[in-house]
Protein chains: 2
Amino acid sequence: MTTAQRPTLEAVARRAGVSRATVSRVVNGSTTVAESIQQAVRRAVEELGYVPNLAARSLVTQRTDSVALVMPEEATRVFSDDQVFPGIIRGVSQELEAADKQLVLMLAGSPAGHQRVERYTTGRHVDGVLFASLHGEDPLPGVLSRLGIPVVCAGRPLDGAQVPYVDVDNVGGVTRAVRHLITNGRRRIATIAGPQDMVAGIERLTGYREAVAEAGLPAWEAYGDFTRESGATAMRDLLAAHPDLDAVFAASDLMAHAALRTLREAGRRVPTDVAMIGFDDIETAAYTDPPLTTVRWDIVELGRGMTRQLLRMTAGEDVEQELILPTNLVVRDSA
Amino acid sequence: MTTAQRPTLEAVARRAGVSRATVSRVVNGSTTVAESIQQAVRRAVEELGYVPNLAARSLVTQRTDSVALVMPEEATRVFSDDQVFPGIIRGVSQELEAADKQLVLMLAGSPAGHQRVERYTTGRHVDGVLFASLHGEDPLPGVLSRLGIPVVCAGRPLDGAQVPYVDVDNVGGVTRAVRHLITNGRRRIATIAGPQDMVAGIERLTGYREAVAEAGLPAWEAYGDFTRESGATAMRDLLAAHPDLDAVFAASDLMAHAALRTLREAGRRVPTDVAMIGFDDIETAAYTDPPLTTVRWDIVELGRGMTRQLLRMTAGEDVEQELILPTNLVVRDSA
DNA sequence: TTGTAAGCGTTATCAG
DNA sequence: CTGATAACGCTTACAA
């Protein structure tokens, strides 16, 4: 089953009776080629089914016209049913499409995967690298950046690397949520915090702490990892430790969803006995019982913002170190 | 902000005092190099931070060690909160990682995107192409296949192209679901079918028709596109047309979820008045009210199966035209 | 406006 | 076991 030999520039040139250089010009849209010759070349390309060999091209241009989007492998597991994962991809993809560049998705969960990412990106197989939802203090963004490879992160890098990033206004969003609870008379507000090795988890907890402190209220905390199961567990812990709580802020809608169910099982009515606010505004949020009040942000826009920054960098422009996306509170029935 | 010039084989060779060829051998793990020289080369590589240029390598080897996974752009929208999208990616990624190959994700929703996929894949930038959830009669898989590029599809190609594919036993799964309903005394079983331009939508409807026909029951059909909104609309239509229905098979859990809610709003109790069965067993299925009985299949395994087939093809082996994954019924409370 | 020719960084084929 | 040297397919000065 031998693969048919694909035609090269050389073949097209012979067929059109011109030089390789001329074919190259036509293929790359140079305007300095006589119209008649352009037509001849195009016909030859058509007839032979010529397609440029991208490896050869990038070898000489030193560009690949593709960028990598790196995600921790867990992203596909942890966020299995919210839109974070597909949302970022879609945003990145939209912006890249407009720039006629290619997306290379890399999952870097395992140490081996991590190494492959490093090899691949330092191997100049992409023009730049986008990092999504980092765990812990991943050194890779900083390493690549120092190697001169354009890098943009989703969320502030926890290792303090000087890498441009795009993030959501986590603190602002949470503050608004907690104030909403307070305005409605809640005084015993607990939180189900996210994982403390992720910047989103850390900042949403910070926001909660600041908001309750500001109002002179106690901080009642339990921890999850953004998943449903962890939300249910945390809710049970909170009920055991603070049976008199009258509101909960959960750092993700998934955790809020499970907590809602846990509350019902414990005989608490929402929002009469306990109010609940989530974060993310995933699609399911409108379908929970009762529909979930939550902090919305535009995840697709996060992907787009990151990509725009990166493209600017690959073009040699300077970009702001930080870009923060707004949030807003979507009030439904749970609070 | 000039990018530091990366060291080449040449530089490493000079530093180690050997030829380029020898460095290449060491880098690629050839055993025919004297131990002392190997060490010298490795030290030079280390000191210089040498990383092979992948474009140059693939130019001569004619391989790229990467494969493309093509998805319709809607995949990230339509399936926004089930696991189909991340699941396939995860399966593909696992299998590729084991083979030390790279995943290139391509969204091909727009015609422009379609073209880019064609250009990229025919441009020999990947060793093979995986197609996920096709809409309509996409000619691309057939085109690439005829060009000698290894291709594997998720689901039978609707245009009849002779391309190897991996699919779920849709008909078998649905049949089992409908029989379960019948066994439990249901006789007026409607269906919320999926989109009829996707093979999963078509086959699940076929399964339903066969099963009710076999039992001498009427076929009551409404159509959706696998999304929640479409499920709610279809459920309303069914209730209007057949107020006496006592069971529903929905072709996706998302549609089943919305239908559950619509039934409740219409005052029907589930499963007392109406039984409901979905398809997919997404994570949310265990959290609906009541928890959803559904047809489960292993989506990660779909991605793995596709990838294994493709890798076999790129290695020049022959593969079966068709690979069918099993389903099983997960009985919860809704039926 | 077009052609010639020099690389781009590897691997592979030969000699030695 | 090692080193020249010729590709691989394309872009791009530089000439004509």
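The figures that follow rest on heavy atoms only: side chains count, while hydrogens, waters and symmetry mates do not. Below, chain A is the first sequence line, B the second, and so on; all start at residue 1.
- Enclosure of atom CD in A:E35 by more than 12 non-hydrogen atoms of other residues, nucleotides or ligands within 6.0 angstrom is indicated.
- Pairs engaging residues 15-27 of chain A under the salt bridge (charged side-chain N to carboxylate O under 4.0 Å, His left out) rule: A:E10-A:R20, A:R15-A:E47 [sequence neighbours left out].
- No side-chain heavy atom of A:D138 sits under 4.5 Å from any side-chain heavy atom of A:D159.
- Summary for the helix from C:dT1-D:dA16 to C:dG16-D:dC1: the axes at its two ends, each from 5 pairs, differ by 40° when rounded to the nearest 10 degrees.
- Evaluation of the salt bridge (charged side-chain N to carboxylate O under 4.0 Å, His left out) test over residues 53-72 of chain B, restricted to residues two or more places apart or in two chains, returns B:R63-B:D65, B:D65-B:K101.
- Distance CG (B:N28) to C1' (C:dT11): 8 Å, rounded to an integer number of Å.
- A salt bridge links B:R308 to B:E301: one of the charged nitrogens lies within less than 4.0 Å of a carboxylate oxygen.
- Put simply, A:Q62 has a side-chain N or O that comes within less than 4.0 Å of OP1 or OP2 on C:dG9.
- Contact check of residues 11-27 of chain B against DNA chain D (heavy atom, cut-off under 4.0 Å) returns B:V18, B:S19, B:R20, B:A21, B:T22, B:R25.
- Looking at heavy atoms from C-beta onward, B:L103 lies out of side-chain contact with B:L130 at the 4.5 angstrom threshold.
- Computed from coordinates, the B:R63 CZ to D:dC8 P distance equals 17 Å when rounded to whole Å.
- Considering all non-hydrogen atoms of both residues, B:S145 and B:Q162 come closest at OG-O, 4.4 Å.
- Legend: residues meeting ring pair (Phe, Tyr, Trp, His ring centres under 6.0 Å) with A:Y120, ordered by chain and number and at least two apart, are A:H125.
- A heavy-atom distance below 4.0 Å to DNA chain C is reached by these residues of residues 41-61 of chain A, ordered by number: A:L59, A:V60.
- At whole-Å resolution of the value, CG in B:D65 and C1' in C:dT10 are 14 Å apart.
- Using a 4.5 Å heavy-atom cutoff, the side chains of A:T122 and A:L144 are in contact.
- Within 6.0 Å of CD in A:E46 there are 12 or fewer heavy atoms belonging to other residues, nucleotides or ligands.
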